[in-house]
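Here's the structure, in structure tokens; my notes come after.
In this chain, numbering begins with 1 at the start of the sequence shown. Note: hydrogens, waters and symmetry copies are ignored here, and every other heavy atom, side chains too, is used.
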Amino acid sequence: MADFVLIPGMCHGGWCFDPVAERLRQHGHRVHALTLSGISERADLLTSTVNLDTHIQDVVDVLVAERIEDAVLVGHSYGGMVVSGVADRVPERVDSLVYLDAVVPDDGDSCWSLVPDEREWYLDVGETGYAVPAMPFFDPRATAHPLASLLQRLRLTGDPGRFRRRDYVYATLWEGESPFTSTYQRLREDPTWTVHELESRHNLMRDAPDDLLKILLRSLDEPARTAGRQ
């Protein structure tokens, strides 16, 4: 039995993983699909001070409270920032990491620095000055996202390759250029990563749940650092 800890992207709650989470549970695994502070059903916590550190601590608190010591951290999109920070802060509680069409930061990176094409959206903060609005085509449950979490630089101090394995899942069906293409191209050449392509839009959990489930389950069985393109 594995402990999957699922972290959503901007504006979304843990519910975005429902199509995959239920299947993982049917395979006997524990699943923690989290909604981060200030978003969706936790929107009442949104203030100008909610930042990346807040979201990292959200996840660390769950790992500690649930006594999880072998987490498979899964981050979608912005969630890549969060799982990277969590793994660096409490590596003793993490088994492996899976990035779903996500940012993969180095020390000092932020979403602002890694995804410059989305800066206009980030700064469309309306009257509050700190709440990035959900896109019109998002799930109706999506809400504004805290701007500070996108601007704050992530500080990493440990070796990011020290975990059992790291997987990256790249979605190929973007309208126009994917903001994650350069990340995908870099990681597929790195033997410490296992890289997958899915013919799917960005919301892999909704649009390719069966294929994504196979990747998540396979990551538990295959040996560490299975290199190359899958």
Original post:
Would M135 and M10 count as a side chain to side chain contact (heavy atoms under 4.5 Å, CB included) if you check the C-alpha gap in whole Å, the side-chain angles of each, and the deciding distance to 0.1 Å?
Top reply: CA-CA 10 Å; M135 290 292 192; M10 284 179 61; over 6 Å; no
Original post:
Does one hydrophobic cluster hold both Y122 and L114, with members joined at side-chain heavy-atom distances below 4.5 Å?
Top reply: yes
Original post:
Can you name the nearest heavy-atom pair linking R42 to L36, along with the distance?
Top reply: NH1-C, 3.7 Å
**OP:** Find out if a path of hydrophobic residues (ILVMFWY) with successive side-chain heavy-atom gaps under 4.5 Å connects V103 to L187.
**Re:** yes
Subject >> Minimum heavy-atom distance between A33 and F17, given as atom pair plus value >> reply: CB-CB, 4.4 Å
Original post:
So, D58 versus S37: side-chain donor-acceptor pair below 3.5 Å or not?
Top reply: yes
**OP:** Could you verify whether a donor N or O on one side chain and an acceptor N or O on the other, from Y170 and T181, lie under 3.5 Å apart?
**Re:** yes
Subject >> Joint hydrophobic cluster, L46 plus W121, side-chain heavy atoms closer than 4.5 Å >> reply: no
Subject >> Validation row: T194, S219 side chains within 4.5 angstrom (heavy atoms) >> reply: no
Original post:
With no hydrogens and no angle check, is any side-chain donor or acceptor of D88 less than 3.5 Å from a backbone partner on G158?
Top reply: yes
**OP:** Mark yes or no for whether R162, through its side chain, and D159, through its backbone, hold a donor-acceptor pair below 3.5 Å.
**Re:** yes
**OP:** Evaluate the side-chain proximity of V132 to V125: yes if any heavy-atom separation is below 4.5 Å, no if none is.
**Re:** yes
**OP:** Could you walk me through whether R218 and H196 pass side chain to side chain contact (heavy atoms under 4.5 Å, CB included), step by step?
**Re:** CA-CA 12 Å; R218 192 186 311 148; H196 315 262; 4.2 Å; yes
Original post:
Do you know which two heavy atoms are closest between R165 and S96, and how far apart they sit?
Top reply: O-CB, 3.3 Å
**OP:** Taking the side chain as every heavy atom from C-beta outward, state whether I56 and V86 have any atom pair closer than 4.5 Å.
**Re:** yes
Original post:
Within the side chain of R119, is there an N or O that forms a donor-acceptor pair under 3.5 Å with the backbone of W112?
Top reply: yes
**OP:** Would you confirm whether H145, through its side chain, and A134, through its main-chain N or O, come within 3.5 Å as a donor-acceptor pair?
**Re:** no
Original post:
Parallel, tilted or perpendicular: which describes the rings of H202 and F180, with under 30° parallel and over 60° perpendicular?
Top reply: parallel
Original post:
Hey, are the side chains of S178 and Y184 touching, using non-hydrogen atoms and a 4.5 Å cut-off?
Top reply: no
**OP:** Could you tell me whether R30 atom CZ has more than 12 heavy atoms of other residues or ligands within 6.0 Å of it?
**Re:** yes
**OP:** Would you please test I39 and H55 for side chain to side chain contact (heavy atoms under 4.5 Å, CB included) and show each step?
**Re:** CA-CA 10 Å; I39 303 167; H55 289 165; 4.1 Å; yes
Original post:
Where the side chain of Y99 meets the backbone of M81, is there a donor-acceptor pair that is under 3.5 Å apart?
Top reply: no
Subject >> Linked, directly or transitively: V20 and L173 (ILVMFWY side chains, under 4.5 Å) >> reply: no
Subject >> Side-chain donor or acceptor of H76 paired with backbone N/O of L6 under 3.5 Å >> reply: no
Original post:
Can any side-chain N or O of R166 pair as donor or acceptor with the backbone N or O of L97 at less than 3.5 Å?
Top reply: no
**OP:** Could you tell me whether a side-chain N or O of Q152 sits under 3.5 Å from a main-chain N or O of D53, the two making a donor and an acceptor?
**Re:** yes
**OP:** Fit a plane to each ring of H12 and W15, take the angle between them on a 0 to 90° scale, and name the class: parallel (under 30°), tilted (30 to 60°) or perpendicular (over 60°).
**Re:** tilted
**OP:** Give a yes or no on whether the backbone of S40 and the side-chain of T143 come within a donor-acceptor separation of less than 3.5 Å.
**Re:** yes
Original post:
How close do S84 and L156 get, heavy atom to heavy atom, and via which atoms?
Top reply: O-CD2, 3.7 Å
Original post:
Do L34 and V64 belong together in a cluster built from hydrophobic side chains that touch within less than 4.5 Å?
Top reply: yes
Original post:
What heavy-atom pair brings A148 and S48 nearest, and what distance separates the two atoms?
Top reply: CB-O, 4.0 Å
**OP:** Please examine the side chains of D207 and S200, heavy atoms only from C-beta on, and report whether any two atoms are closer than 4.5 Å.
**Re:** yes
**OP:** Before giving the answer on side chain to side chain contact (heavy atoms under 4.5 Å, CB included), spell out for L216 and V72 the whole-Å C-alpha distance, their side-chain angles and the decisive distance to 0.1 Å.
**Re:** CA-CA 9 Å; L216 294 176; V72 180; 5.6 Å; no
Original post:
Can you name the closest pair of heavy atoms from F4 and L220 and give their distance?
Top reply: CZ-CD1, 3.8 Å
